2 protein chains.
Amino acid sequence: MAQKTSTLQDVARVAGVSTATVSRTLSNPKMVNESTRERVAEAVRVSGYRVNRAARNLRTQRAQSVLVLLPDLANPFFSAILEGISLNLSRRGYSMLIASTKQVHDSGDRLIDYLDDARADGMIILDGGLDPAVVASLKNAPQSKPILFACEWVEDGNFPSVRSENRRGTGTAVRYLHSIGHRKIAHVTGPDGNVLMHARKDAFVAECEKLDLELKPEWIIPGDFSLRAGCLAAKTWIAFEDRPTAVFCASDLLALGFISELSRQDFKVPQDVSVMGFDDIDLAEQFIPPLTSIRQDRLLIGETAASMLLERLTTQSGEGTEHAAVVPVSLIIRESTAPPNSRP
Amino acid sequence: MAQKTSTLQDVARVAGVSTATVSRTLSNPKMVNESTRERVAEAVRVSGYRVNRAARNLRTQRAQSVLVLLPDLANPFFSAILEGISLNLSRRGYSMLIASTKQVHDSGDRLIDYLDDARADGMIILDGGLDPAVVASLKNAPQSKPILFACEWVEDGNFPSVRSENRRGTGTAVRYLHSIGHRKIAHVTGPDGNVLMHARKDAFVAECEKLDLELKPEWIIPGDFSLRAGCLAAKTWIAFEDRPTAVFCASDLLALGFISELSRQDFKVPQDVSVMGFDDIDLAEQFIPPLTSIRQDRLLIGETAASMLLERLTTQSGEGTEHAAVVPVSLIIRESTAPPNSRP
DNA sequence: CATCGATATGTAATCGATTACAATAATGAT
DNA sequence: ATCATTATTGTAATCGATTACATATCGATG
């Protein structure tokens with residue numbers, strides 16, 4: 001039952017060759033003779049040999065794993081991204097380590113340790129809200145291993161990144177609402193200081209100006225991407241004297257919360273107000289009413305992030321590799337939006 | 001910038017002691033003299049030393065990491081469990097590796113490799129639907145490393161596990177519906193063959209019998225825990241001649257899908273039918289109407305799973321450690337349930 | 001036939017930490 | 001003063017794979 005796993009030595013003994021030959025057979029088969037290759041393959045089979053990663057990692061100075069850092073494991077937005085990352089990593093024999101910045105915060109700046117202590121070869125960060133001091137420590141780490149931001153990013157540091165078309169998506173949203181007749185549009189923002197919040201808010205304001213839409217300052221309602229903030233924003237909207245006929249939320253969760261609260265107060269969507277979100281999470285389609293949204297291809301974001309990082313890991317210091325990938329978004333029209341006053 | 005990380009050797013040289021002493025200072029401080037301890041600590045500080053995990057892992061024959069296996073990263077049900085696992089693992093210096101059984105399936109039986117190739121010391125499985133052949137291979141692996149099932153489990157193999165009180169929770173749900181006046185209750189089940197599906201269905205039937213409730217065979221509606229299956233189940237319910245006044249769904253997603261579809265068809269919850277779920281995912285509270293559910297403490301499940309596994313990792317072969325932990329569930333009453341015919 | 005190149009394989013150093021064992025000093029008991 | 005005991009530190013083997021370098025074999029070439 002609990003027998004030892006066999007080592008290269010064992011395989012070498014069985015096959016009657018040296019460990020070097022076995023190693024070569026496994027990692028670079030065309031270096032060895034056909035006949036020995038077969039003998040070794042057979043020996044590997046009978047002994048049930050599995051490479052010992054710790055030994056290989058020590059010798060090759062790699063970990064064959066990547067750390068993914070999330071702000072919050074409980075946010076469903078991230079799951080598809082993880083799926084994409086994991087898919088590409090495992091395809092190349094890499095493992096995916098997960099940590100959440102919340103916990104990092106709790107336990108000091110242990111973040112850089114993952115890279116420094118040879119547990120991971122690189123890092124994909126999905127949290128743009130990292131403490132600047134932590135970011136700096138990452139940048140100046142003794143061994144500068146590749147770090148890449150996905151979805152969110154930090155302004156300084158000039159890290160490579162994968163992003164969605166936040167500006168274009170926001171512009172598309174506003175133009176769509178405008179095209180079906182809305183002239184007064186509110187925006188519920190992400191959390192203060194968040195890069196996505198700024199990108200989307202700025203794009204929102206810019207598009208409103210371009211279309212020459214009225215935009216009262218209070219129609220920019222501060223939020224934080226969460227359901228709860230969406231509920232609060234709905235209360236704000238209800239309290240307005242002059243209510244916008246459409247609301248563009250910076251995330252789907254905000255939009256869902258917004259609609260929930262409106263329903264509780266007996267407002268109807270889209271009859272009383274059109275609501276749209278950003279992300280197109282799984283739930284958007286199933287909600288009542290199904291939510292109009294800007295879809296981010298989260299799987300693709302994840303896959304892109306993983307392959308960009310692997311690129312940098314395998315080519316020396318990432319010469320000539322793409323620095324910032326932008327993943328397209330698309331407008332998904334469902335039932336939470338309609339022309340204004342559609343129920344006269 | 002890209003300077004080498006310093007090794008034990010470097011620290012030893014700076015402190016003027018041997019590597020053995022440095023190692024001891026770090027792992028077992030009370031073995032070394034106060035003064036050398038300080039000297040070493042200082043040397044560690046100035047050289048910015050970080051242990052090389054690969055080296056340690058090779059020497060100690062451990063990976064200091066645990067693999068968590070999910071059926072589906074995209075399911076929000078798992079996120080809080082991961083949070084709990086991660087919390088307990090990182091507290092003890094362990095890393096969390098994530099893989100999904102979907103991908104494992106795609107790439108052959110590489111699952112056992114994680115343990116065999118020294119990447120992980122143990123495994124937490126959140127998927128009871130594993131191929132029996134894979135399960136067997138896990139059980140008979142050359143080095144039998146600890147494996148633990150959480151939430152779901154497999155019948156054979158006698159693996160340790162952490163579960164929620166599925167039976168009691170289901171009983172509570174049925175008794176609650178009965179107590180507010182329902183006499184005809186349907187059940188939307190999980191996927192065929194799933195252990196949770198069976199546990200909950202059996203408990204449902206048993207409780208109905210105990211309460212002497214009518215239960216037509218077609219009132220057991222097959223589903224699979226997903227939103228979509230909930231929608232389909234709603235169509236089934238609508239088609240009944242004799243409609244149950246309450247529906248107990250085996251998961252929250254099912255319940256949400258069920259309610260969504262009913263809304264589309266202009267049925268009102270809870271006026272036309274009471275609907276309840278199982279899990280109490282984040283969304284349940286925000287849905288319209290807020291969902292009555294049986295709450296599983298997912299964070300606690302995760303924490304328990306991690307600490308049970310760590311227990312087995314640190315004590316030799318897990319003598320006298322708990323074999324099956326059961327985590328309590330609780331009834332959360334919200335607005336998706338009400339006495340029947342509440343709108344006469 | 002000597003020499004060169006290509007091919008195939010073996011020998012042994014190496015990665016960086018841990019730890020068994022040995023060595024030494026310090027302390028106390030007799 | 002002697003021996004046992006404890007406390008502290010050093011020496012070197014070890015974990016298991018990779019790989020630089022050395023060696024051996026074979027055929028072809030001039």
Side-chain angles (χ1 to χ4, degrees), chain A residues 3-41 43-44 47-65 93 113 115-119 121 142-143, chain B residues 3-41 43-44 47-65 93 113 115-119 121 142-143:
Chain A
Q3 51 180 311
K4 279 254 188 307
T5 26
S6 50
T7 71
L8 260 195
Q9 294 267 10
D10 300 326
V11 177
R13 197 175 318 113
V14 172
V17 296
S18 72
T19 61
T21 301
V22 178
S23 177
R24 284 192 275 253
T25 310
L26 265 35
S27 61
N28 208 349
K30 58 186 164 302
M31 274 188 70
V32 307
N33 188 294
E34 170 84 38
S35 66
T36 48
R37 197 187 313 160
E38 276 166 14
R39 218 141 34 91
V40 170
V44 166
S47 59
Y49 170 76
R50 294 279 110 111
V51 67
N52 181 317
R53 295 259 184 167
R56 167 189 286 173
N57 292 348
L58 172 59
R59 177 59 222 240
T60 61
Q61 305 281 46
R62 301 199 233 97
Q64 296 259 91
S65 71
D113 282 4
L115 301 186
D116 273 353
D117 68 10
R119 255 184 298 181
D121 297 322
Q143 0 203 37
Chain B
Q3 50 180 312
K4 279 252 188 308
T5 27
S6 49
T7 71
L8 260 195
Q9 294 266 11
D10 301 326
V11 177
R13 197 175 318 114
V14 172
V17 296
S18 73
T19 62
T21 301
V22 178
S23 176
R24 283 191 277 252
T25 309
L26 265 36
S27 61
N28 209 348
K30 55 185 165 300
M31 273 187 71
V32 307
N33 189 293
E34 170 85 39
S35 66
T36 49
R37 196 186 315 159
E38 277 166 12
R39 219 144 30 95
V40 170
V44 166
S47 58
Y49 170 77
R50 293 279 113 110
V51 68
N52 181 316
R53 296 258 184 166
R56 168 190 286 173
N57 292 349
L58 173 58
R59 176 59 222 239
T60 61
Q61 305 281 46
R62 301 199 231 97
Q64 296 258 89
S65 72
D113 282 3
L115 301 186
D116 273 353
D117 68 10
R119 254 184 300 181
D121 297 322
Q143 359 203 39

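If you're wondering where the values come from, they're calculated on a predicted model, not measured in any experiment. In what follows, every chain begins at residue 1, and chains take the letters A, B, ... in the order their sequences are listed. Hydrogens, waters and symmetry mates are skipped; everything else that's a heavy atom, side chains included, is used.
When rounded to the nearest whole Å, the span between CG of A/N57 and P of D/dG16 equals 14 Å. When the P atom of D/dT8 is taken as reference, atom CZ of B/R39 falls 14 Å away, rounded to whole Å. The nearest whole Å value for the distance from the CG atom in A/N28 to the P atom in D/dA20 is 12 Å. Atom C1' of nucleotide D/dT14 and atom CG of A/L58 are separated by 12 Å, given to the nearest angstrom. Between the C1' atom of C/dA8 and the CD atom of A/E38 lies a distance of 16 Å, rounded to the nearest Å.
Contact annotation: B/Q61 does not reach the phosphate of D/dT14 (side-chain N/O to OP1 or OP2, under 4.0 Å).
Using a 4.5 Å cut-off on side-chain heavy atoms (C-beta onward), B/D10 and B/V14 make no contact. Taking the side chain as every heavy atom from C-beta outward, A/L26 and A/V51 never approach each other to under 4.5 Å.
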### Message
Can you build the contact string for nucleotides 17-22 of chain C? Use B for base contact, S for sugar-phosphate-only contact, and - for no protein heavy atom under 4.0 Å.
### Response
BBB---
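Atom CG of B/D116 sits about 10.5 Å away from atom CZ of B/R119, to the nearest 0.5 Å.
With hydrogens and angles disregarded, a donor-acceptor distance shorter than 3.5 Å links the side chain of B/T60 to the backbone of B/R56. Put simply, the side chain of B/S47 never gets that close to the backbone of B/S6: no donor and acceptor are under 3.5 Å apart. Formation of a donor-acceptor pair under 3.5 Å by the A/N28 side chain with backbone atoms of A/M31 is not found in this model. A donor-acceptor pair under 3.5 Å is formed between the side chain of A/R39 and the backbone N or O of A/A15.
In the helix from C/dC1-D/dG30 to C/dT30-D/dA1, the terminal helix axes, each the rotation mapping four pairs' C1' atoms onto the next four within five end pairs, subtend 60°, rounded to 10°.
Listed by first and then second residue, the salt bridge (charged side-chain N to carboxylate O under 4.0 Å, His left out) pairs involving residues 20-37 of chain A amount to none (not counting sequence neighbours).
Side-chain proximity of B/N33 to D/dC15, D/dT9, C/dT9: nearest is D/dT9.
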